[in-house]
Structures are given as C-alpha cells and as structure tokens.
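Nothing here was measured: the structure is a model prediction, and the numbers come from that model. FYI, side chains are in, hydrogens and waters are out, and symmetry mates aren't considered; it's all heavy atoms of this structure. Both ligands and their constituent atoms are indexed starting at 1 by order of listing. Numbering of residues begins at 1 and proceeds along the displayed sequence.
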Amino acid sequence: MQGKRIVIGITGGIAAFKAASLVSQLVQRGAEVRVIMTQSATQFITPLTFQTLSRNHVFTDTFEERNPKVVSHIDLADHADLFVIAPATANIISKIAHGLADDMLTTTVLATEAPVCFAPAMNVHMYQNVIIQENINRLQSLGYHLIEPGEGQLACGYVGRGRMAEPEVILEWIEWYFQKKACLTGKKILVTAGPTIEPIDPVRYFSNHSSGKMGYAIAEAAEKAGADVTLISGPVAIRPPARVKRIEVKRAIEMREAVMGCLSEMDIIVKTAAVADYRPRNVFDQKIKKDQETLTVELEKNPDIAMEIGKQKRRDQFFVGFAAETENVENYAREKLAKKGMDLIVANQVSIPGIGFGSDQNQVVIYDAEGEVCRLPKMDKKSIAAQIISLIGERMNDC
Ligand code: CTP
C-alpha cells in the first residue's frame, strides 16, 4: 500500500461514517489518500473529518480550483492508482453507468483511466431494483469493480442486502487488488502487436486491419503488473506505453528476426500481432505501371512465428497466442493452441461489428489445453488486457 495514490469517493449515505475508518487505515498503511465528497455526503459527515484523516484537502466542488496550474478533476483523475467509491449510492452507480458528469466526483471518475471500485450501500429494495442491478451489470461489463454489500440490519429499518462492506473488507480487497496487479514483478514479457506489411513495389503493400490496440493494451497492463516489457510492433498509429521498450518492424520476416533474437531471455510471450501469412514472391524495384488489364502477384508463405516459438520454448516459458476467426471460433482456436504449443489462446470473432479490428472493444474466449478457461463479455481492450495479464500471473505463480 506504501505510496499508492488512492482516491476515495464518498456519496450521500449513512455508511459515509464508515469511510472515515477506511481512510484512516489506508493512511496508516502508507497510502496517499485523496477524498472527493458529493454534496449529499457532506450532510452525513464533514469534509474536515476527511481532511484531518487524509492530511489532504477534500474536494467537494468541481469549480473550486485551488491550484491555477492544474485542473483539479483531471489532475486527480490522472494521478490515481485506484478509485474506491464507498459508500456508493444508487445515484452514483446509475450516473457513472450512463456517463453523467455533474459534480466533482462524477467528472473525476469519468476522466480517470485508473481502476474504479464501487462499494454500494442502500436499502435492500433499492439494491434489488432491476434498474440498479442492470446498471451494476453494465459497470462490471465495462471493467468497473464491485465489492458486494453485506446482509443485515439496515439503517432504514429493513433487514437484507444493502449494508456497505465493512472498512476491513474493503481494505482487504484493495490489498488483494494491488498484490494481484503486481503479479508479474521481475518477469520479462515479450508482446507482439499490430499488423505486418508486405511490400509489392516501392509504393504498395499487402497488410490487414490490425490497429495494434489489443497488443499495446497488453503491453501496458503487463508494465503495470510489474513486468519488464519488450513490445515488437508492426506499423501502427499508437504511442508506446511509458517504460515499455518498443522495437518497430514492418515485414513478418523482420518480426520473426526480432522475436527470435530475444526469445530465450523471456519468461512470457504474448503473440497479439496479426502477422501476414503470405508475402509477394518478388518485390518490384520500381512502381508497377497500370499497363496490363489484370495483374497477378504471386505470394509465398511467411514463417509462422508462433509455431517456431512453440517448438523452441522452454518449459518455464509461458506462451499466449491469439486467434482471429470469422467462423468456428472454438475449433480453430483450440487447433492453433495445440499445433503451436501455446499455454493459452485468446480467441475472438473478428466478423462481429463493433468489436475486434480497429475498435476499442473486444469480446473474447480464452482456452487452454483442457478447454474453455473463461469467456469475457464485450468490454474495452484495456480491461480485457488486464484480465489476460492477471490470468497469466495466476498461471505463472502456480507453476
Ligand atoms: N502467427 C504468427 N505468424 C504467422 C501467423 C500467425 O506468429 N505467420 C500467430 C499470431 O500472432 C497469433 C496466432 O499465430 O498469435 C494465430 O494467428 P491467426 O492469424 O489467427 O492464425 P494463423 O495461424 O495465421 O492461421 P489462419 O490464417 O489459417 O487462421
């Protein structure tokens, strides 16, 4: 917990008083805590309580800009390692689920790329309300986290589910989360990403629709999990994540050389790249002129880099491949896993509109040699990457 920057969002419920104990325990464990309160939360407990416990200014108003050098909500959003909203009322859950930003807390949560966790607290019937359940499901499918409320006597007099999890339970979750996130500390990981391009002449090439977003998200998640990341990338329009070593390549043959050159030093290999299976047999020296009615370009097979990795890899190296399919996803993916000696394969159906190539979202199923490991609903690629990395961490730490 030492040095972790945690933002605690407090909304208007009686459980707000429990957040004081949470903030105090986080500070005692060395976390740097910032608190944002909604106006309703200030009806239950004062900002001064949290200022005293966190030893930091408490934010309640989007427009109270204390430091002219920064925009407060963006600054808080950018610098957080984790957001925990405790208590989370039905109102904040619904607002975030629908992208509303009308106060300091909602604007900051929508602006952050840090993980966000909700600890709901409300009346049992509100919690069971189908609208709230749908909003919670929506948040979870978008990669937000949930610490389930407990059952018991509620402040409104009812008995049932709706009590905010105790501060100790939330604290345990936060500790577990940071430990899980650091699951690749000291590991070296190689990620390949993007397409390859195969020249035909000096101005033209064959390629595919890969944007590199999935591979770059994996590289970023691995770096956040403590790994030393090498990213071998085909031509893409994305900046590499900070602290990631990027090697840029164009053709499949160059990608193969770069991969094989560093394979032996790696603990983990993730082959996200969409490698061109064929390349033109002859690359024309000069631009091809359009003087013929038809043009035939003969193609020859590129090396299958994943297949070579599968053959060469040591038992202590963990290998994850991807399968882009338009039909028979499970069969093709499991065949590739076996043929290429992979430990896991992440399969996606690239023909579904709105997911896969170029999109920010994806929907994948992960298989190992035994069969299906997990099925992730449609979610953004960064959340999928985080799940893949934590699965790799679990499997590596089991070995
Ligand atoms: N791959 C590779 N080298 C190739 C082709 C694919 O390393 N020449 C890797 C990809 O990075 C991916 C996995 O193999 O991790 C599966 O790629 P995919 O394109 O789905 O399948 P292919 O093996 O190319 O088979 P097909 O095109 O027949 O579906």
Is the closest heavy atom of D277 to ligand 1 under 4.0 Å? yes
Are H125 and Y127 an aromatic pair by the rule of ring centers under 6.0 Å? no
the protein heavy atom lying closest to atom 7 (O) of ligand 1 turns out to be A306 N, 2.8 Å
Identify, by atom number and element, the atoms of ligand 1 in contact range of A323, meaning under 4.0 Å from any of its heavy atoms. 20 (O)
Protein contact to atom 15 (O) of ligand 1 [nearest heavy atom, distance to 0.1 Å]: K271 O, 2.7 Å
M379 and side-chain contact (heavy atoms from CB on, under 4.5 Å): which partner among Q363, Q387, Q361? Q387
Test ring-ring contact (aromatic ring centres under 6.0 Å, His included), reference H145, set W173, F118, W176, output is W173
Kindly confirm or rule out a cation-pi arrangement of K271 over F322, judged by NZ or CZ under 6.0 Å from the six-membered ring centre and within 45° of its axis? no
For atom 28 (O) of ligand 1, is the nearest protein heavy atom under 4.0 Å away? no
I want to confirm something. Looking only at heavy atoms, which of K339, K336, E335 is nearest to atom 20 (O) of ligand 1? K336
In the protein, what heavy atom is nearest to atom 14 (O) of ligand 1, and what distance, to one decimal place, separates them? K340 NZ, 2.9 Å
Return the CE to CG distance between M1 and L82, rounded to the nearest 0.5 Å. 9.0 Å
May I ask you to identify the nearest protein heavy atom to atom 12 (C) of ligand 1, giving residue, atom name and distance to one decimal place in Å? F322 O, 3.0 Å
For ligand 1, which atoms sit closer than 4.0 Å to a heavy atom of A324? 20 (O)
Ranked by distance from atom 3 (N) of ligand 1, the top protein heavy atom is I305 N, 3.1 Å
Answer with yes or no whether the side chains of N135 and S94 bring together a donor and an acceptor at under 3.5 Å. yes
I'd like to check which ligand 1 atoms, numbered from 1 as shown, lie under 4.0 Å from a non-hydrogen atom of G321. 15 (O)
Side chains of residues 108-115: which donor-acceptor pairs under 3.5 Å do they make with residues two or more places apart or in other chains?
unit_1	atom_1	unit_2	atom_2	d
T108	OG1	M104	O	2.5
T112	OG1	A77	O	2.8
T112	OG1	A114	N	3.0
E113	OE2	K382	NZ	3.2

Atom 8 (N) of ligand 1: the protein heavy-atom neighbour that sits closest, reported with distance to 0.1 Å: P303 O, 3.0 Å
K381 side-chain N/O to I218 backbone N/O, donor-acceptor pair under 3.5 Å: no
Within-cut-off N or O pair, A274 and ligand 1, under 3.5 Å: no
Of A347, A252, A333, A273, which has the heavy atom at the shortest distance from atom 10 (C) of ligand 1? A273
Going by distance only, is there an N or O of T192 that falls short of 3.5 Å from an N or O of ligand 1? no
For Q25 and S21, test the side chains for any donor-to-acceptor distance below 3.5 angstrom and give the result as yes or no. yes
Go through the structure and list residues passing side-chain hydrogen bond (donor to acceptor under 3.5 Å, both in side chains) with E32, not counting sequence neighbours. none
